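Here the structure is laid out as structure tokens; the discussion comes afterwards.
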Amino acid sequence: MISKDEILEIFDKYNKDEITIATLGSHTALHILKGAKLEGFSTVCITMKGRDVPYKRFKVADKFIYVDKFSDIKNEEIQEKLRKLNAIVVPHGSFIAYCGLDNVENNFLVPMFGNRKILRWESERGLEGKLLREAGLRVPKKYESPEDIDTTVIVKFPGARGGRGYFIASSTEEFYKKAEDLKKRGILTDEDIANAHIEEYVVGTNFCIHYFYSPLKDEVELMGMDKRYESNIDGLVRIPAKDQLEMNINPSYVITGNIPVVIRESLLPQVFEMGDKLVAKAKELVPPGMIGPFCLQSLCNENLELVVFEMSARIDGGTNSFMNGSAYSFLYNGEPLSMGQRIAREIKMALQLDMVDKIIS
Ligand code: ATP
């Protein structure tokens with residue numbers, strides 16, 4: 001694991017008046033880069049031919065670093081270019097996926113915004129569950145074996161497969177029947193079925209809650225909320241039930257977009273309590289804990305309890321639903337604040353207060 005001291009040593013050699021905010025051109029790069037520009041930073045977008053279009057057309061990047069393929073971002077040559085630009089990298093989901101978590105932890109010697117140690121805690125289901133549970137958040141009940149199924153469950157499979165092959169079952173028999181069917185169609189393997197993650201299906205409304213923890217202010221801010229727009233499930237539910245039965249289509253949960261949403265106001269105390277609890281527990285389990293953006297993906301059941309089925313320990317894609325600010329981020333200063341700009345503002349404040357060691361790793 002790259003130590004904080006190694007990173008601070010690199011940062012010490014930087015020209016502090018010429019800091020560049022850098023990220024990979026994908027995921028949430030538009031508002032990360034736009035937000036950085038609005039806060040007066042210069043910006044660099046790491047990209048490849050054909051993928052640079054939005055960053056050029058929206059003019060959010062001052063410079064481009066081209067790679068042949070996104071996974072080249074881990075290469076020493078690219079790291080050197082970033083260090084020469086006095087870059088602080090903002091890691092997002094695609095950055096981590098292409099760089100590789102092992103490389104982020106052990107090889108990527110460029111200062112990054114946030115706590116790189118916590119990223120493993122969102123990517124491994126066991127660690128994620130431990131953090132959420134020990135923080136005292138409600139999570140869906142987990143089933144160790146298909147034989148234990150006693151209610152409606154959602155069955156998930158490991159790896160970034162975008163919810164392909166996920167299915168719903170209400171009994172052990174239904175589990176095996178559907179698993180067998182998906183195997184016949186070549187969607188699942190025996191290994192997938194043996195490693196299936198089975199959890200209670202929470203019937204409720206989706207709220208993906210985007211928080212920002214400021215180590216400088218020691219405060220958790222509520223920046224926005226979205227709900228997911230997923231294919232094919234969101235198309236499937238437009239088909240009348242009797243036609244669905246005849247069509248024999250398997251649902252998938254591939255994220256294709258995000259829709260901004262606000263929550264019933266009386267639920268906000270619960271929302272803040274959840275963010276505060278997670279930040280407190282993360283400090284204890286993965287010091288220095290959560291830094292900057294994180295997201296709790298939840299479902300609100302009919303008892304008005306928010307049940308968390310997934311966590312992002314970095315900027316989440318749903319923040320794209322409020323590039324020009326959300327109903328909540330507006331409330332802080334009466335201005336349209338995106339998550340990208342909030343990150344840049346924290347970096348700017350840390351530079352002014354000489355507290356950059358609190359926000360990078
Ligand atoms: P990924 O991490 O693979 O990108 P994701 O973060 O969106 O996916 P998953 O846990 O894979 O989250 O769930 C995909 C979708 O399945 C969710 O957006 C939600 O619609 C639904 N879902 C997940 N867990 C539950 C649950 N316990 N009850 C009901 N629906 C769920």
Side-chain angles (χ1 to χ4, degrees), residues 26-28 91-98 101 118-129 131-133 137-144 146 148-170 174-175 178 182 187-188 192 195-211 225-238 249-261 278 293-321:
S26 184
H27 198 263
T28 42
H92 51 54
S94 304
F95 177 89
I96 298 157
Y98 286 110
L101 192 48
I118 207 163
L119 299 171
R120 188 163 289 281
W121 286 68
E122 66 159 44
S123 75
E124 287 184 15
R125 246 192 249 282
L127 291 175
E128 179 189 49
L131 177 54
L132 295 174
R133 270 193 310 276
L137 305 188
R138 289 187 188 85
V139 293
K141 182 179 169 192
K142 305 273 181 291
Y143 289 83
E144 292 307 323
D148 301 335
I149 296 174
D150 58 359
T151 183
T152 302
V153 297
I154 179 165
V155 185
K156 304 182 185 181
F157 298 93
R161 49 199 299 160
R164 197 166 132 82
Y166 284 19
F167 64 87
I168 315 288
S170 296
E174 195 183 343
F175 173 95
K178 287 193 169 164
L182 288 162
I187 296 172
L188 294 179
D192 289 330
N195 291 313
H197 170 88
I198 308 168
E199 69 181 35
E200 164 199 359
Y201 188 90
V202 181
V203 183
T205 45
N206 182 217
F207 294 93
C208 296
I209 310 167
H210 304 284
Y211 299 93
M225 291 183 202
D226 78 287
K227 63 175 188 154
R228 301 289 143 111
Y229 203 33
E230 292 162 335
S231 193
N232 61 13
I233 190 71
D234 285 309
L236 204 55
V237 294
R238 287 173 54 85
I249 294 176
N250 289 105
S252 60
Y253 297 81
V254 180
I255 182 114
T256 54
N258 303 83
I259 303 161
V261 65
L278 194 82
F294 66 99
C295 172
L296 294 176
Q297 299 181 37
S298 72
L299 291 156
C300 186
N301 66 22
E302 63 186 350
N303 301 321
L304 300 179
E305 295 163 334
L306 289 160
V307 184
V308 179
F309 64 89
E310 183 89 80
M311 164 194 83
S312 302
R314 36 85 195 156
I315 189 166
D316 180 274
T319 56
N320 285 338
S321 64

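All figures in this text were calculated on a predicted structure; none of them were measured in a lab. Atoms within each ligand, like the ligands themselves, are counted from 1 in listed order.
- Set against the non-hydrogen atoms of E199, the atoms of ligand 1 under 4.0 Å away are 24 (N), 25 (C), 26 (C), 27 (N).
- Heavy atoms of L299 approach ligand 1 to within less than 4.0 angstrom.
- The distance criterion of under 3.5 Å between nitrogen or oxygen atoms is met by Y166 with respect to ligand 1.
- Taking only nitrogen or oxygen atoms, main chain and side chain alike, E310 reaches within less than 3.5 Å of ligand 1.
- For residues 297-316, there are no ring pair (Phe, Tyr, Trp, His ring centres under 6.0 Å) pairs, not counting sequence neighbours.
- Counting heavy-atom neighbours within 6.0 Å of K227 NZ, excluding the residue itself, gives a total of 12 or less.
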Quiz: residues 149-157 side-chain donor-acceptor pairs under 3.5 angstrom, not counting sequence neighbours:
residue : atom : partner : partner atom : Å
D150    : OD1  : Y143    : OH           : 2.6
T152    : OG1  : S170    : OG           : 3.0
K156    : NZ   : E199    : OE2          : 3.2

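- The residue N206 has no part lying near ligand 1, judged by heavy-atom distances below 4.0 Å.
- N232 contributes no side-chain N or O that, together with a main-chain N or O of L236, makes up a donor-acceptor pair within less than 3.5 Å.
- We find the CD1-CG distance between I259 and D226 to be 8.5 Å, quoted to the nearest 0.5 Å.
- Using a 4.0 Å cut-off between heavy atoms, Y253 contacts ligand 1 through its side chain alone, with no backbone atom that close.
- Here's the thing with I154: none of its N/O atoms is less than 3.5 angstrom from an N/O atom of ligand 1.
- Taking each heavy atom of S231 and T256 in turn, the nearest pair found is CB-CG2, 3.7 Å.
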Where do Q297 and S312 land on the side-chain contact (heavy atoms from CB on, under 4.5 Å) test, with the steps shown first?
-> CA-CA 8 Å; Q297 299 181 37; S312 302; 4.0 Å; yes
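- Contact annotation: for E200 versus ligand 1, heavy atoms closer than 4.0 Å belong to the backbone alone.
- Nearest to atom 23 (C) of ligand 1 by heavy-atom distance, out of K141, K156, K227, is K156.
- Taking each of R228, E230, M311 in turn, the one with a heavy atom nearest to atom 20 (O) of ligand 1 proves to be E230.
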